[in-house]
Amino acid sequence: MAAAAALTTTQSHATSAFNFTSQLAKSINALSTFNAMVHEITPDQVYSMWLSVRANAIAPALQVVVWMSMVMSIMLVVEATCMALVSLGVKIIGWRPEKQYKWEAIRDDEEKGTSAYPLVLVQIPMYNEIEVYKLSIGAACGLTWPSDRIIIQVLDDSADPLIKNLVEAECNTWASKGVNIKYTTREDRKGFKAGALKKGMEFKYAQECDYVAIFDADFQPEPDFLNRTVPFLIHNPKIALVQARWDFVNYAMSLMTRIQKMSLDYHFKVEQEAGSATFAFFSFNGTAGVWRVSAINEAGGWKDRTTVEDMDLAVRATLKGWKFVYINELRVKSELPTTFKAYCRQQHRWASGSANLFRKMAWEIIVAKEVSLVKKFYMLYSFFLVRRVVAPVVAFVLYCVVLPLSVLVPEVFLPLWGVAYIPTTLLFITAIRHPKSLHLIPFWILFENVMSLHRIKAAMVGLFETATFNKWIVTKKVGNNLKDALDIPLLEKTKTKLRDKINLSELGFSLFLFFCASYNLAFGGGTSSYYINLYMQATAFLVLGFNYIGTCHCVSFR
């Protein structure tokens, strides 16, 4: 038996060895055959294979993206046209909030004295704002309102003890002049700005206030700000928010700040004004506004679940039936980001937070009982879907991806109305509200193309709640270090450290666009001239890839 088992084992090993040798021989033969076939394939055959794959696999997939982009483009141009018509109509007929809502100036009453004025809390949240803290505190303390009916609350989350001491000393200086100013701090920055505002409302003196005005650290309201805004709240019990327009003290600092001003002016002139005039709803801008305290409380107070706590509160208050008023003629001085990286961080916070709020609030909007169906549609479709999701997606996918790839895949059909007429219409709608900045429109288009890369990334981060969806980085300010840049030549390089001079994503996309443009120029065969546009886009990505923003002397902060 033992001998038989040994014999069987020996035969098994022999068979395994035989099978391994056989399989190895077959593999070598197959490899040889494959090599022979490869050597027999000619360049023409390889090109034919590529044409077949391109026509049967790549082109159909890309064509689907094209038509999806066309649908989104139509949605975007219809939305922009409707808002522009409302905005122009408001301007033509001379519509003003004072005509739609009751507004009467607060009059001094000898019997009531200062009690005729409601108690107002002014909140100034700040974090390491060494450049601007004196400006904002000084402007708030200069508001013309009875001293016993106003409380200035400085919410200092600064991490630097030196800055904390400076801010506290400034508050003490104003307190010694008779200003009712409170300096408050927290042990941590939980909830960031929303957490600071929420903490500030927990004080007993804050709970006694009827209204609260909010100014970021770089905002400087005019002395009559409260006199122009609070009467709306006094005489119209359903109004929760009065929002003022932003003005910019450093818009002429660089080409980038001029373009920022164009974009924000469009936001205020068109989006905010159209929303206020039609549905009495728009997004709170987080600053330069006055809230009714009872509306904040009814809406659930400040929440830190997104990086757009201002928009979050605005939406929740609207779902409770509150209305908002925007005053275009009332402007508050502020500051624009002065470096490309700072601007990108700001845009990431706004775009990511908006998309994430859409994800969180969509169902609440649908089931809300205090809002009409028309207003629900406006909020879901126009305010959130088109402006916060569709706009960044179509701007990047169509003009920065599909259009360049179409020169490599000529089987893809791009309708002329989608790549020419719609962009022209959008350009006209934007330009008509900026007649003094027509010479900057080409730069604005190219700059927005580059920013679409950051906005679509941020929108997807917020929509799908990836790891960085709730990331908050405070935008650095310049303040008193601001220099007069009116005579600074354009398209010069900013002074930054070496590691901050290169943006790899922009440079990589620049190479891609340069390649597509050159391919179109060399092999386009006269069928298309997209290379002109692609070369300009590539140049814009290259310029911003090296942090060129249009000035060589602007003060830069990391």
Side-chain angles (χ1 to χ4, degrees), residues 122-143 152-177 179 181-197 199-200 213-221 246-254 256-257 260 286-288 307 309 332-346 349 471-485 494-497 499-500 547 549 551 553-558:
V122 179
Q123 291 184 315
I124 309 175
M126 58 177 59
Y127 174 73
N128 291 343
E129 309 284 4
I130 191 171
E131 303 85 9
V132 293
Y133 74 95
K134 284 189 176 182
L135 300 177
S136 57
I137 294 175
C141 293
L143 291 170
I152 312 297
Q153 186 185 61
V154 178
L155 305 167
D156 189 11
D157 275 352
S158 299
D160 190 329
L162 174 61
I163 298 177
K164 278 190 174 184
N165 292 335
L166 292 173
V167 176
E168 185 175 12
E170 182 69 12
C171 293
N172 291 335
T173 299
W174 283 103
S176 65
K177 298 178 182 179
V179 176
I181 185 169
K182 310 290 185 181
Y183 175 76
T184 66
T185 61
R186 297 189 295 164
E187 294 182 357
D188 54 46
R189 289 190 67 213
K190 182 181 179 181
F192 304 108
K193 180 180 175 181
L197 294 172
K199 180 67 175 179
I214 302 171
F215 300 102
D216 283 350
D218 59 312
F219 278 71
Q220 306 167 53
W246 296 0
D247 203 6
F248 311 105
V249 297
N250 64 332
Y251 76 92
M253 192 174 187
S254 68
M256 186 188 74
T257 53
Q260 286 183 63
T287 179
T307 56
E309 74 294 325
V332 180
K333 295 178 182 178
S334 63
E335 184 180 306
L336 294 164
T338 55
T339 66
F340 181 62
K341 287 185 179 294
Y343 183 62
C344 288
R345 288 167 182 157
Q346 181 197 71
R349 187 172 74 245
K471 186 177 182 181
W472 182 292
I473 299 178
V474 175
T475 304
K476 290 296 182 180
K477 314 299 190 305
V478 176
N480 287 326
N481 294 321
L482 182 65
K483 297 180 180 180
D484 187 1
T494 61
K495 292 182 178 180
T496 56
K497 293 185 178 182
R499 63 182 177 181
D500 293 327
N547 282 313
I549 60 170
T551 175
H553 296 295
C554 76
V555 181
S556 177
F557 294 89
R558 292 183 59 231

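Numbers here simply count residues along the sequence, with the first being 1. Computed from a prediction, not measured in an experiment: that's the story for all the values here.
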When you measure from the side chain of Arg186 to the backbone N and O of Lys190, does any donor-acceptor pair fall under 3.5 Å? yes

Judged by atom type as modelled, is there a donor-acceptor pair below 3.5 Å linking the side chain of Asn250 to the main-chain atoms of Leu336? yes

For Pro337 and Met256 the tightest heavy-atom approach is O-CE, 3.5 Å

Just verifying a value: how many Å separate Gln260 CD and Phe248 CZ, rounded to the nearest 0.5 Å? 8.5 Å

As an exercise, state the distance from CZ of Phe192 to CZ of Arg349, rounded to the nearest 0.5 Å. 10.5 Å

Heavy atoms, side chains only, cut-off 4.5 Å: are Met126 and Leu155 in contact? no

Are Lys193 and Asp157 within salt-bridge range, i.e. N to O under 4.0 Å? no

Check: Val154 and Val167 side chains under 4.5 Å, non-hydrogen atoms: yes

Test side chain to side chain contact (heavy atoms under 4.5 Å, CB included) on Thr338 and Met253; report intermediate values, then the result. CA-CA 8 Å; Thr338 55; Met253 192 174 187; 3.4 Å; yes

Side chains of Arg189 and Tyr127, heavy atoms from C-beta outward: is any pair under 4.5 Å? yes

Test side chain to side chain contact (heavy atoms under 4.5 Å, CB included) applied to Lys341 and Asn547, step by step: CA-CA 8 Å; Lys341 287 185 179 294; Asn547 282 313; 4.1 Å; yes

With a 4.5 Å heavy-atom cut-off, do Cys141 and Ile181 have their side chains touching? yes

Nearest 0.5 Å, what's the CD-NZ distance between Gln123 and Lys182? 14.0 Å

When you compare the side chain of Ser334 with that of Asp216, does any pair of heavy atoms fall below 4.5 Å? no

Regarding Ser158 and Asp156, do their side chains bring together a donor and an acceptor under 3.5 Å, going by distance alone? yes

Could you tell me whether the side chain of Gln220 reaches within less than 4.5 Å of the side chain of Ser136, counting heavy atoms only? no

Exam field: side chain Asn128 to backbone Ala159, donor-acceptor pair closer than 3.5 Å: yes

Is Leu135 close to Phe219 at the side-chain level, that is, under 4.5 Å between some pair of heavy atoms? no

Considering only heavy atoms from C-beta outward, does the side chain of Cys171 approach that of Ile137 to under 4.5 Å? yes

What's the spacing between Ile124 CD1 and Ile152 CD1 if we round to 0.5 Å? 6.0 Å

Just grab all the salt bridge (Lys or Arg N to Asp or Glu O under 4.0 Å) pairs involving residues 164-174, residues at least two apart or on different chains. none

